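I have placed the structure first, in the form of structure tokens, so that the comments after it can refer back to it.
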Amino acid sequence: MSKLLYREDAFCEKWETEVDNTYEKDGLYYVSLKETAFYPGGGGQPADRGTIADLEVKAIESKDAVPYYGLDSRIKGKVECRIEWDYRFDLMQQHTGQHLLSAAFRLVLDRPTIGFHLGQEAVTIDVSGDKLTEAELQLTEQKVNELIYDNRQISSYYVTAAQLAELPVVKQPSVTEDVRIVEIDGVEYNPCGGTHVLSTGQIGLIKILKTEKQKQGQRVYFQCGKRALETTRNMFSIVEKAADQFQTNSQEVLDRIQKQAADLQAAVKRAEELGARLEELELQELIQTETPIVAHSYEGKNVKALQRMAAKLLEAGKEFVILSDAGERKLVLTHQLNEFHSGNLFRTSLSEFGGKGGGSAQMAQASFQQTEDLERYVRFLQEHYRSIV
């Protein structure tokens, strides 16, 4: 069995030991160590990163309850091991912060934690109950950061079944012997095998980012320590750049954004009204033509607009309507001819014009890579109409 140094000293960054056993699998050489400070992962916390004999640990797996480390080369004998410390300390801050935030939700709102995830980007806990209000989140965030300011001691130790029965643990572990307890002084006793900082002050800061509904509760996104600092720095930078853009100060940015959003909404509404009026005028111009066939090209019409206009032209009595947008190279065909299927015609003829599309008997649509191909297809449809009427 490997001696698990991380359980005794989570701040062990490098050590010397000896290779114990080894095997080869999937192109990697897996080794076990007589002593290891690499956390193998578990309990929501990812595995550590690092090197053994200057070789990067590519994978970690357990065999007969012993952690093995996958390396690119075979090694033996005495080796120096090193933890990727910035990564380890980040995980320690997030994991310990999760303990403390979960405790704050229990203390402030009597909401237990029912799930935890620690990822590269997101850290979340799932708490029971209905939607969290902004006031509840602020109270909880205030409480958890007060516990950080208190710089409460964090210790870990093993207890027997009898000792475990006497402790008010957060949750009962699945085993009863040699249970490792992580104690936050005056806050909680939590059965946990992960790595943690030595005091709440080393968490630095906890910031709740957002919440969302989950099946059995609410998911709370948060960050601790260096992650929270980096996010805060980036957010301040964004606010300052927005303030410069609006030529105002950071306190007035939100008011300016809200005003601009209202102005934009009004402008969009006005543009839609003008667009609808323009479409009516365009339709009237086409309706007034004396021919039963209509073939017209536009700029800036999407397929839905072309379909809508084509349907209105049919209602006005037109027999064969071809509308297209030269910029987008889109085309719509609709008609009210007997025994004519638009979709079938498109499926059998479009490939000759470099187009793609299809549709129903009455209406079909197509797109083209080249404007010239679109124009050729419009002429083809006009000739086809003349040949069948």
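The structure presented is a predicted model; accordingly, all values stated were derived computationally and were not measured.
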- Do the side chain of Gln153 and the main chain of Ser199 share a donor and acceptor less than 3.5 angstrom apart? no

- Item | For Cys224 against Ile203, the heavy-atom pair lying closest together | CB-CG2, 4.0 Å

- Decide yes or no for Thr17 and Cys81: does some side-chain heavy atom of the first lie under 4.5 Å from some side-chain heavy atom of the second? yes

- For Thr22 and Val31, which heavy atoms make the closest approach, and how far apart are they? OG1-CG1, 3.8 Å

- Task: Give a yes or no answer on whether the side chain of Gln163 reaches the backbone of Thr160 with a donor-acceptor pair at less than 3.5 Å.
- Result: yes

- With no hydrogens and no angle check, is any side-chain donor or acceptor of Thr248 less than 3.5 Å from a backbone partner on Ala243? no

- Query: NZ of Lys269: more than 12 outside heavy atoms within 6.0 angstrom?
  - Reply: no

- Query: So with a 6.0 Å cut-off around CD of Gln260, is the heavy-atom count from everything else above 12?
  - Reply: no

- Residues Lys3 and Glu35 bridged, charged N to O under 4.0 Å: no

- Linking I/L/V/M/F/W/Y whenever their side-chain heavy atoms sit closer than 4.5 Å, directly or via other members, would Tyr158 and Val182 fall into one cluster? no

- Message: Could you check whether Thr334 and Gln362, counting side-chain N and O atoms only, form a donor-acceptor pair closer than 3.5 Å?
- Response: no

- Task: Would you check if the side chain of Lys318 reaches a backbone N or O of Thr289 as a donor-acceptor pair within less than 3.5 Å?
- Result: yes

- Are Gln369 and Asp373 close enough that a side-chain donor and a side-chain acceptor fall under 3.5 Å? no

- Task: Please report the shortest heavy-atom distance between Phe89 and Gln202, naming the atom on each side.
- Result: CZ-O, 3.9 Å

- Task: Over all heavy atoms of both residues, which pair between Asp86 and Lys226 is shortest? Give the atoms and the distance, please.
- Result: OD1-NZ, 3.9 Å

Report all side-chain donor-acceptor pairs from residues 63-78 shorter than 3.5 Å, counting only partners two or more places apart or in another chain.
from  : atom 1 : to    : atom 2 : distance (Å)
Tyr69 : OH     : Thr36 : OG1    : 2.6
Asp72 : OD1    : Lys58 : NZ     : 3.4
Asp72 : OD2    : Lys58 : NZ     : 2.8

- Residues two or more places apart in sequence or in another chain: which of them pass salt bridge (charged side-chain N to carboxylate O under 4.0 Å, His left out) with Glu212? none

- Task: Inspect the contact between Glu230 and Arg233 and indicate whether a charged nitrogen and a carboxylate oxygen are less than 4.0 angstrom apart.
- Result: yes

- Nearest heavy-atom contact between Phe38 and Gly50 is CE2-CA, 3.7 Å

- From the options Thr291, Leu337, Val294, Leu314, select the one residue that forms a side chain to side chain contact (heavy atoms under 4.5 Å, CB included) with Phe320. Leu337

Show every donor-acceptor pair shorter than 3.5 Å between a side-chain atom in residues 109-121 and any protein atom, with sequence neighbours excluded, or say none if there are none.
from   : atom 1 : to     : atom 2 : distance (Å)
Arg111 : NH1    : Ser128 : O      : 3.2
Arg111 : NH1    : Asp130 : O      : 2.6
Arg111 : NH2    : Asp130 : O      : 3.1
Thr113 : OG1    : Ser102 : OG     : 2.7
Gln120 : OE1    : Tyr87  : OH     : 3.3

